[in-house]
J.: 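Submitted below is the structure of interest, expressed as structure tokens.
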Amino acid sequence: MGGLTELLTDYTLRNVALGSALLGITGGVIGGFTMLRRQSLLGDAVAHAALPGVCLAFLLTGTKAPLWLLLGGGLSGWLGALAVLAVLRQTRLSEDAALGTVLSGFFGFGITLLTYIQGGDNANQAGLDKFLFGQAATIVAADVTTMAVLAAVGLGTVALLFKEFKLLSFDPTYAATLGYPTGRLGALLTSLAVVAVMIGLQTVGVVLMAAMLIAPPAAARQWTDHLGHMLGLSALFGAAAGVSGAVISAGTANLPTGPVIIVVASVLLLVSLLFAPRRGLVWAGLAHRRRAQALRRHTRATPEAQP
Amino acid sequence: MNPDVVIILTAALVAVAGSLLGVFLVLRRQSMMSDAISHSVLPGIVGAFWISGGSATLPALVGAAMVGLLTVGSVQLLERSGRLKADAAIGVVFPLLFSVGVILVSLYFRDVHLDLDAVLYGEIAYAPLNTLVLGGREVPESLLLMGGLAALNFIFVTALFKELKVSTFDPGLAATLGFVPAALHYALMTLLSFTTVGAFQSVGAVLIVAFVIIPPACAFLLTQRLAVMLWLSAGIGVLASAAGYGLALWLNSSIAGMIATVLGVIFVACVLFSPLQGLVATQQRRSRQRQEFSARLLLTALHEQTLAPTVSELASRLEWTPALVGPALAHALRAGWLVERSGRFELTEQGRLIQHASFRDVS
């Protein structure tokens with residue numbers, strides 16, 4: 001277990017693994033709710049919409065301090081999410097068109113700003129484009145602290161409002177009749193997705209962030225019908241993908257961390273889809289074959305049933 | 001050819017080729033498939049690069065179409081299994097394929113001419129530089145490629161217009177008529193993969209989504225007719241290409257990014273000002289309806305009076321503030337329902353008829 005001892009001794013790897021684990025846990029828990037509310041791709045739109053905010057924050061402050069960039073990214077990601085909701089409310093466009101329009105419009109503006117910055121003579125700008133794919137290797141202890149604070153905010157809110165979020169996800173109409181402010185609760189859940197995206201920007205980047213909100217909860221969903229268990233498993237899967245992605249990519253030269261984390265999370269999902277008890281596709285296929293055989297045996301045993 | 005013209009023309013062709021297909025994606029509620037395909041063609045491009053040993057166009061098109069269809073097929077397979085919802089299925093498939101592509105590029109093509117930045121956001125400024133000799137004349141390669149793709153998509157849409165229309169608005173009817181909606185769906189996705197790869201040199205694989213989805217989304221807000229929607233979205237794409245190029249030159253920024261930004265601005269303008277269902281038009285219609293309704297209420301208040309009332313008498317009788325009475329009164333006077341005689345108001349014959357018609361069912 002060379003990876004494990006390295007994990008405990010190597011400073012960089014420890015930070016990367018910790019940051020990725022925090023992303024996996026927060027993304028897994030918050031993604032669980034967005035998946036149940038069928039807003040999985042909202043995370044994708046939010047992540048893309050964060051890019052112009054990152055660039056604007058750099059233009060305004062002139063620093064690459066992660067805190068400012070993340071705040072800018074979070075703000076514009078949040079605006080993007082609001083834009084999607086506003087387009088859905090005010091026009092007859094469907095959800096996919098609203099997502100696609102906001103995602104590509106904001107991202108185009110982000111690319112414009114990014115190239116504008118790169119065209120200027122600001123020597124400080126190098127590395128700003130790493131927000132597209134994330135660059136886990138640059139994560140330092142201070143970044144991990146920022147991520148931990150964001151994760152605490154996100155997970156703390158979920159813990160406080162667990163009952164409300166649960167009802168909102170499964171039966172929004174009933175929640176409304178009970179007098180819960182469903183509109184504001186929904187907006188709060190969307191804002192939490194923005195928090196998760198902020199944690200993920202540095203690790204997996206804008207383009208791949210969607211998967212961190214989708215794959216772990218989708219995998220966890222296959223193993224249980226209980227929301228609490230599902231969120232726990234989802235956090236576990238997310239953390240496992242994050243840490244193992246960090247360790248695997250550290251072991252090979254030129255292997256980028258973000259994409260490896262996504263591949264590990266996808267493999268976890270594939271295994272869950274195939275082999276989870278009760279919902280696993282392999283068991284379903286076997287049961288189907290058994291039933292078909294039993295039926296054939298039965299029809300053979302009772303010849304009068306045959307034509 | 002003038003480089004400016006080549007660049008604008010190439011961008012416009014990308015927009016036309018993309019939005020011709022995008023119209024059907026928006027109407028079929030599959031817009032995000034273009035996001036999925038645009039990300040997942042990356043391993044297709046890498047694979048083609050690997051096999052052909054260079055950035056040849058034809059293998060890249062074939063590789064991308066294959067991965068595009070793989071994406072569409074996997075999303076459908078996951079959705080059909082009943083274990084994942086449609087949006088989650090899309091959100092799982094494309095990041096995985098994209099990650100595989102990025103890993104392959106990082107491991108094997110680090111020093112080769114397959115720059116990730118170029119794949120992601122393209123560089124249309126180089127469009128006039130890459131030329132082919134065709135019939136003794138130098139023709140920019142991407143102009144030729146996008147022209148071909150735009151023509152292909154145009155032929156597809158015009159030749160199968162009826163089939164596409166029926167299967168988009170009524171898939172059940174299309175199936176009973178024998179149109180095979182699934183075949184049309186895969187044909188659409190294949191062309192979308194082609195267009196995405198064709199555009200990756202000029203506008204990049206991620207920004208192509210803006211060229212495919214935003215013009216149809218704008219046109220959708222402006223018209224209810226399919227043919228008009230197709231022409232409008234092509235027109236919006238061309239307009240944004242020219243405007244975006246000018247702005248990008250001025251700010252020295254990414255041309256494709258600026259065109260996408262302009263498209264976003266046009267979309268916001270459509271949401272606000274579309275005469276059909278723009279926010280402004282809707283607000284105006286609502287306030288007109290409110291005024292008309294309060295004017296009709298005003299008529300009842302007048303109807304039961306033997307002595308013609310003044311404004312303040314009307315207000316106190318209806319328990320309205322003067323601010324409410326004013327516009328309603330103005331509306332009724334404009335419509336000729338009332339006449340004013342020295343500060344007092346009386347119903348006209350027309351006003352009596354309107355009052356009777358409005359409240360016949362209530363009383």
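Computed from a predicted structure; not experimentally measured. Just so it is clear: chains get the letters A, B, ... in the order the sequence lines come, proteins before strands, and each one is counted from 1.
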J.: Identify which part of A:Gln39 has an atom lying under 4.5 Å from any heavy atom of chain B, answering side chain, backbone, both or neither.
T.: backbone
J.: What heavy-atom pair brings A:Ala97 and B:Val26 nearest, and what distance separates the two atoms?
T.: CB-CG1, 4.2 Å
J.: If we check side-chain contact (heavy atoms from CB on, under 4.5 Å) with B:Ile90, which of these qualifies: A:Asp44, A:Asp96, A:Ile214, A:Leu41?
T.: A:Leu41
J.: Can you confirm whether A:Arg37 is buried at CZ, in the sense that more than 12 heavy atoms of other residues, nucleotides or ligands lie under 6.0 Å from that atom?
T.: yes
J.: Heavy-atom distance under 4.5 Å to chain A: side chain of B:Phe220, backbone, both or neither?
T.: both
J.: Between B:Leu263 and chain A, with a heavy-atom cut-off of 4.5 Å, which part of the residue counts as in contact: side chain, backbone, both or neither?
T.: neither
J.: Where do A:Ala253 and B:Leu107 come nearest, in terms of heavy atoms and distance?
T.: O-CD2, 3.8 Å
J.: Rounded to the nearest 0.5 Å, what separation is found between the OG1 atom of A:Thr91 and the CG atom of B:Leu276?
T.: 12.0 Å
J.: Side chain, backbone, both or neither: which part of B:Leu96 has a heavy atom under 4.5 Å from chain A?
T.: both
J.: Looking at B:Arg225, I'd like to know if its CZ atom is crowded, meaning that more than 12 non-hydrogen atoms belonging to other residues, nucleotides or ligands lie closer than 6.0 Å.
T.: no
J.: Side chain, backbone, both or neither: which part of A:Arg92 has an atom under 4.5 Å from a heavy atom of chain B?
T.: both
J.: With a 4.5 angstrom heavy-atom cut-off, which part of A:Val260 approaches chain B: side chain, backbone, both or neither?
T.: both
J.: Could you tell me which portion of A:Leu93 (side chain, backbone, both or neither) has an atom closer than 4.5 angstrom to a non-hydrogen atom of chain B?
T.: both
J.: How many angstroms lie between atom CG of B:Leu84 and atom CZ of A:Arg221, to the nearest 0.5 angstrom?
T.: 10.0 Å
J.: Heavy-atom count around A:Trp78 CH2 within 6.0 Å, excluding the residue itself: above 12?
T.: no
J.: Please classify the contact between B:Asp35 and chain A as side chain, backbone, both or neither, with a heavy-atom cut-off of under 4.5 Å.
T.: side chain
J.: Of the non-hydrogen atoms in B:Arg83 and A:Ala284, which two are nearest, and what is the gap between them?
T.: NH2-CB, 3.8 Å
J.: Please classify the contact of B:Ile259 with chain A as side chain, backbone, both or neither, using a heavy-atom distance under 4.5 Å.
T.: neither
J.: How far apart are the closest heavy atoms of B:Leu279 and A:Gln90, and which atoms are they?
T.: CD2-OE1, 3.3 Å
J.: Where on A:Ile261 is there a heavy atom nearer than 4.5 Å to chain B: the side chain, the backbone, both, or neither?
T.: neither
